[in-house]
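Right, one structure below, let's go through it.
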Amino acid sequence: MNATETHLEKFSRFEQPGNQPAWVLPLRKAGLARFAALGFPTTSQEDWRFTNVAPIAKLPFKPVFDPPADPGALEALEGFPLMSLPAHRLVFINGHFSLGLSSIQAPPGVTVTNLASALKENHPVLEQHLARHARTEFEAFSALNTAFFQDGGFIHLPAGQALERPVHLVYVTVAKEPGTTTHPRNLILAEANSRATVLETYVRLHDSAYFTNAVTELVLGDSAVVEHCKFQDESLNAFHLAAIHAQLGRGANLAAHSIATGGRLSRNNIRMVLAGEGVECLLNGLYLTRRDQVADHHMVVEHVEPHCNSHEYFNGILDGKSKGIFHGRIYVHPAAQKTDAKQTNKNLLLSDDATVDTKPQLEIYADDVKCTHGATIGQLNEESIFYLRARGIGMETARRMLIHAFAGEIIERVRHPATRAELDKVVWDRLEANPHVAKHH
C-alpha cells in the first residue's frame, strides 16, 4: 500500500454522521480527492525542487482522532514561549481543544472559540469562508488538511470591533511514537474596520518524529488591521508543513510574521491575494537552523488591484549542515497599476556546511509599478567586525552584536510591543545557546 492509499483508508472515520453540518463532508471529500490526485510532491516539481518530503511520506500515518485521555506534564506549558503574555488563549493538545488549559474572555459580539465548537453550532459565516480561500488545486498538504482537520482556532470580528488583547492559539504535540499526525485548521475573519493581533505557536513535549500539517485562512474586510505572528518550535525530529492564505479587502492592513526555529523539515506556504485597492501587506520572517534542519518559506503575493504595497523581508541564520530555502513570487495583474512591491531575502551562514537556495521572482503585467527584489548569502561582514574591533570591542562581542542585529531587523517589525519583547528574548536566548555565535571557527 503506498503512502497516499494509507491516508485514503483512514478517511472512513469522517464518513459517519458526526457533530458537523452536512456541508462539511463534501468539502472533506473534495480535499481527499485532490490529495489522491496530486499525491505527495516530489523534487521534480518546480515549487518543491529544493525540498524533499519523501521522509514524511515514509512515516506511518497516525492521525489523532481523539483527544489524549492523559496528556501528562502539561505544567510545562508555562515554560513555553509567549505563554506569559496576557491573551485570549486557546490551547490544543495533539490538535484537540483543551477547555481546561484555555482562557477566553472575548467582548460581546466577537467570536473567539475553537473551530469544532463553531461547526457544531453551524456558525453562520463558516459555510461562506471555511476552505474557500486556501488553494488546494496545487497544494497536496492543504488538500490533506481539508480532508482530515479536526479542530483549530475560529475568530470572527464583526465590523468595527477591536480586540485589545491578542488571541493566542497554542498547539502542543504530545507524541511518543513516530507518525503521530495533527491537522490544525484556523479561520480568522476580520470584517470592515476591525482590529486584532493573532499569535500561533507550535511546540512539543517529546522529540519523536511526528507530523504537523496546519492551514490558516485569513479574510480581512475593508480597512481591517490584523497582525498575525507564527512561532514554530517543533521537535528537531518532527515535520511541520503549514499554509497561510489571506484575502485582503480594500484598504486592509496585514502584517504577517513567521519565526521558525524547530522541525527537522519545516515549510510555510504563504499566499496573499491583495483583492482591493490601497492594501498594505507586510510579510516578515526569521529562520534559525542548526544540525540537519531544513526551513523553507514559499510565497506568492498577488497584486490584483491598483495602489497596493507589499513588502517581504526574510532573514535566515544557518548553522551545521542545515538548509534554508526561500521562494518568493510577486505577481502583478494588469489592473494593478501603482503597485509598490519589495522582496528581500538575506542569509547568514555560521558554518561552511550550511546551504541556502533562494529564488525571489517578479511577474509583472502592469507598466506603472515599482517592484524590487534581492537576495544575499554570506558569512559575517569582515569590514563590520573590523569597524567594531577598531572601537575597542572584542572579536566575540563583535560577532554577537552583528548576529543579534541581523535577527533584530526582523523582530523589530513586530508591532505588538509585548509580543515583540518576548520574541526578542526567545531569539536572543537561542542565539546565545549556539557556540558558533560568539566563536569564529
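Residue indices begin at 1 and follow the sequence shown.
Taking all atoms of both residues into account, the shortest heavy-atom contact from Leu286 to Ile411 is CD2-CD1, 4.2 Å. In plain terms, the two heavy atoms of Gly278 and Cys308 that are nearest each other are N-SG, 3.6 Å. When all heavy atoms of Ala354 and Leu349 are compared, the closest pair comes out as O-CD1, 3.9 Å. Counting all heavy atoms, side chain and backbone alike, Glu305 lies closest to Ala336 at O-CB, 3.5 Å. Between Phe314 and Asn345, the closest heavy-atom pair is O-ND2, 3.0 Å.
Atom-to-atom distance recorded for Leu169:CG and Asn186:CG is 5.0 Å, nearest 0.5 angstrom. Separation of atoms OG1 (Thr197) and CD (Glu164) is listed at 9.0 Å; rounding is to 0.5 Å. Once rounded to the nearest 0.5 Å, the distance linking CD1 of Ile188 with OG of Ser194 reads 11.5 Å. The CG atom of Leu199 sits 11.5 Å away from atom CG of Leu90, with the distance rounded to the nearest 0.5 Å. Interatomic distance, OG of Ser84 versus NZ of Lys425, reported as 9.0 Å (0.5 Å rounding).
For Glu121 (side chain) and Ala118 (main-chain N/O), no donor-acceptor pair under 3.5 Å exists by modelled atom type. Asp151 places a side-chain N or O within 3.5 Å of a backbone atom of Ala116 that can act as its donor or acceptor partner. The closest donor-acceptor contact from the side chain of Asn94 to the backbone of Val174 lies under 3.5 Å. A donor-acceptor pair under 3.5 Å is formed between the side chain of Thr181 and the backbone N or O of Gly179. A distance-only check finds no donor-acceptor pair linking the side chain of Ser142 to the backbone of Glu139 [under 3.5 Å]. Distance alone, capped at 3.5 Å, is enough to place a donor-acceptor pair between the Ser208 side chain and the Ala175 backbone. A side-chain donor-acceptor contact under 3.5 Å links Ser351 to the backbone of Gly320. A donor-acceptor contact shorter than 3.5 Å links the side chain of Asp222 to the backbone of Arg250. Judged by distance alone, with hydrogens and angles left aside, the side-chain atoms of Asp340 form no donor-acceptor pair with the main-chain N or O of Asn309 at under 3.5 Å. Panel note: side chain Glu227, backbone Val414; no donor-acceptor pair is recorded below 3.5 Å.
Residues that satisfy the ring-ring contact (aromatic ring centres under 6.0 Å, His included) test with His240, not counting sequence neighbours, are Tyr202. Contacts of Glu46 classified as salt bridge (Lys or Arg N to Asp or Glu O under 4.0 Å), with partners at least two apart in sequence or in another chain: Arg49, Lys359. In this view, Trp23 and Asn122 satisfy the side-chain hydrogen bond (donor to acceptor under 3.5 Å, both in side chains) rule, not counting sequence neighbours. Under the rule for a ring-ring contact (aromatic ring centres under 6.0 Å, His included), His373 has no partner lying at least two apart in sequence or in another chain. For Ala196, the side-chain contact (heavy atoms from CB on, under 4.5 Å) partners are Leu157, Leu163, not counting sequence neighbours. Applying the side-chain contact (heavy atoms from CB on, under 4.5 Å) criterion to Lys321, with sequence neighbours excluded, gives Asp353. The ring-ring contact (aromatic ring centres under 6.0 Å, His included) search around His88 returns none, not counting sequence neighbours. Taking the side-chain contact (heavy atoms from CB on, under 4.5 Å) definition, one finds that Ala134 meets it with Arg185, Val215, Glu217, His245, sequence neighbours left out. Every residue meeting the side-chain contact (heavy atoms from CB on, under 4.5 Å) condition with Pro178, not counting sequence neighbours, appears here in chain and number order: Ala209.
Shown here is Lys62, whose NZ atom has more than 12 heavy atoms of other residues, nucleotides or ligands within 6.0 Å. Surrounding CD of Gln105 are at most 12 heavy atoms belonging to other residues, nucleotides or ligands under 6.0 Å away. More than 12 heavy atoms of other shown residues, nucleotides or ligands fall within 6.0 angstrom of atom CZ in Arg89.
A donor-acceptor contact closer than 3.5 angstrom is absent between the side chains of Tyr287 and Gln293. Between the side chains of Ser235 and His206, no donor N or O sits under 3.5 Å from an acceptor N or O.
Side-chain contact between Val304 and Leu274 is absent, with no heavy atoms from C-beta onward closer than 4.5 Å. With contacts defined as side-chain heavy-atom distances shorter than 4.5 Å, the pair Phe406/Asn315 qualifies. Counting heavy atoms from C-beta outward, His168 and Leu82 have side chains that approach closer than 4.5 Å.
The only member of Gln161, Glu191, His129 that meets side chain to side chain contact (heavy atoms under 4.5 Å, CB included) when paired with His156 is Glu191. The side chain to side chain donor-acceptor pair (under 3.5 Å) test with His297 is passed by exactly one of Asn268, Asn269, Thr358: Asn268. Partner of Val301 under the side chain to side chain contact (heavy atoms under 4.5 Å, CB included) criterion, chosen from Leu283, Ile270, Val332: Leu283.
Pairs passing the salt bridge (charged side-chain N to carboxylate O under 4.0 Å, His left out) check and including a residue from residues 408-424, sequence neighbours excluded, read Lys346-Glu409. The stretch residues 33-43 participates, sequence neighbours left out, in these side chain to side chain donor-acceptor pair (under 3.5 Å) pairs: Thr42-Ser44. The salt bridge (charged side-chain N to carboxylate O under 4.0 Å, His left out) contacts involving residues 256-269 comprise Arg267-Asp296, where partners must be two or more places apart or lie in separate chains.
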Apply salt bridge (Lys or Arg N to Asp or Glu O under 4.0 Å) to the pair Arg430 and Asp233, showing each step before the final yes or no.
CA-CA 11 Å; Arg430 297 295 166 90; Asp233 194 30; 2.9 Å; yes
Side chain to side chain contact (heavy atoms under 4.5 Å, CB included) between Thr111 and Ile155: does it pass, once the steps are laid out?
CA-CA 6 Å; Thr111 303; Ile155 301 160; over 6 Å; no
Using the rule given for side chain to side chain contact (heavy atoms under 4.5 Å, CB included), can you reason through Thr372 versus Gln343, listing the C-alpha separation, both sets of side-chain angles and the distance that settles it, and then say yes or no?
CA-CA 6 Å; Thr372 62; Gln343 191 178 67; over 6 Å; no
Tell me, with the steps shown, if Phe154 and Asn114 meet side chain to side chain contact (heavy atoms under 4.5 Å, CB included).
CA-CA 5 Å; Phe154 172 57; Asn114 63 308; over 6 Å; no
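A cation-pi geometry, defined here as NZ or CZ lying under 6.0 Å from the six-membered ring centre and within 45° of its normal, does not hold between Arg204 and Tyr171.
Classified by interplanar angle (parallel below 30°, tilted 30° to 60°, perpendicular above 60°), the ring pair Phe97/Phe92 is tilted.
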